[in-house]
Amino acid sequence: MRQLRVFRRWVLGVAVAGALVAAGCASTVHQGGGPMMGGASSATAGPMMGAAVPGYHYSQVACAPPSGLPGTRVTVLLADMGMTQVIGGTAPLGVHMMLRSSLTSVAAGQLSLVAENRGWRTHELVVLPLAAGASAGHRVPGADGKVSESGSLGEASANCATGTGAGITARGASWTSLTLVPGRYELLCNLPNHYADGMWSELTIT
């Protein structure tokens, strides 16, 4: 009987230890998938390439901007969560999307923004100034799922080309060069519901 009690205690101990390990793993996965919605840090280097967020699938970009773009080059990653094929139509609210900038702070002057669509839906990049006291990610979309682009300073939405177009399709890229004065700016995708679904990031010009 004594041997049986010892054996039962050993089995119980192994079961408890296994449960704790499983809980720790689940907690780690959950925490790791948290900061996926835009929200760039205030550090000079933003969380981007090399810091993959769980749940996102990154496709390779099939086109690239010409070499020698003027000013500081800032790469902006556009991505979608949980999809493995091209998705058409309007994105519903509540879908997780990402817009992340390789830099969150850049010296004033000329810069070139290169938007790389590594996701599955069509995306775009719009540059809007942030008013004093305003925070990125707090614009209110209209009934069409888009925010006002009043005061827009530039856009990269021409697939595999520079400037304005019909949108950057999966594995595509677009770029735009502009000159920015010191201040705070918001980089965002303004296709229907994409901003509300997390596609925004703040860029500080010093």
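Here the structure is a predicted model, which means the values were calculated and not measured. Heads up: numbering here begins at 1 and tracks the sequence.
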**Prompt:** Taking C-beta and beyond as the side chain, do Met98 and Met81 meet within less than 4.5 Å on heavy atoms?
**Reply:** no
**Item:** OG-CD distance between Ser177 and Gln110, expressed to the nearest 0.5 angstrom
**Value:** 6.0 Å
**Message:** Any heavy-atom pair between the side chains of Asp197 and Leu93 that's under 4.5 Å?
**Reply:** yes
**Message:** Can you tell me how the ring of Tyr195 sits relative to the ring of Trp200, calling it parallel under 30°, perpendicular over 60° and tilted otherwise?
**Reply:** tilted
**Heavy-atom pair with the smallest gap, counting every atom of Ala115 and Leu78** = CB-CD1, 4.0 Å
**Message:** If you compare all heavy atoms of Arg184 against all heavy atoms of Gly133, which two are closest, and at what distance to 0.1 Å?
**Reply:** NH1-N, 4.2 Å
**Item:** Under 3.5 Å: donor-acceptor pair, side chain of Ser174, backbone of Ser157
**Value:** yes
**Request:** Tell me whether Leu125 is reachable from Ile205 by hopping between hydrophobic residues (I, L, V, M, F, W, Y) whose side-chain heavy atoms are closer than 4.5 Å.
**Result:** yes
**Request:** Compare all side-chain heavy atoms of Val61 with those of Arg171 and state whether any distance is below 4.5 angstrom.
**Result:** no
**Fill in**
On a heavy-atom basis, the closest approach of Ala166 and Thr122 is O-CG2, 4.3 Å
Output side-chain donor-acceptor pairs under 3.5 Å for residues 140-152, partner residues at least two apart or in another chain, one line each.
from, atom 1, to, atom 2, distance (Å)
Asp144, OD1, Lys146, N, 3.0
Ser148, OG, Ser150, N, 3.2
Glu149, OE2, Asn190, ND2, 2.8

**Asked** Which distance, rounded to the nearest 0.5 Å, do you find between the CE of Met199 and the CG of Leu99?
**Response** 5.0 Å
**Request:** Decide yes or no for Thr90 and Asn193: does some side-chain heavy atom of the first lie under 4.5 Å from some side-chain heavy atom of the second?
**Result:** yes
**Request:** Please name the residue in the list Leu111, Thr72, Thr75, Val76 that meets the side chain to side chain contact (heavy atoms under 4.5 Å, CB included) test with Leu103.
**Result:** Thr72
**Asked** For the residue pair Leu69 and Ser112, what are the closest heavy atoms and their distance?
**Response** CB-OG, 3.5 Å
**Request:** Measure across Glu186 and Gly137 and return the closest heavy-atom pair with its distance rounded to 0.1 Å.
**Result:** OE2-N, 2.6 Å
**Asked** Can you hop from Tyr185 to Trp175 via hydrophobic side chains spaced under 4.5 Å?
**Response** no
**Message:** Grouping I, L, V, M, F, W and Y whenever their side-chain heavy atoms are under 4.5 Å apart, do Val126 and Leu191 come out in a common cluster?
**Reply:** no
**Shortest non-hydrogen contact from Ala156 toward Ile168** = O-CD1, 3.5 Å
**Item:** Close side-chain approach of Asp80 and His96, heavy atoms under 4.5 Å
**Value:** no
**Side chains of Ser105 and Thr206 in contact at under 4.5 Å (non-hydrogen atoms)** = yes
**Request:** Find out whether Arg121 and Val95 are in side-chain contact, i.e. whether some heavy atom of one side chain is under 4.5 Å from a heavy atom of the other.
**Result:** yes
**Message:** Can you tell me how far apart CG (Leu178) and CG (Leu153) are? Round to the nearest 0.5 Å.
**Reply:** 7.0 Å
**Complete:** In this structure, CG of Asn159 is separated from CG of Asn117 (nearest 0.5 Å) by 8.0 Å
**Close side-chain approach of Val127 and Glu155, heavy atoms under 4.5 Å** = no
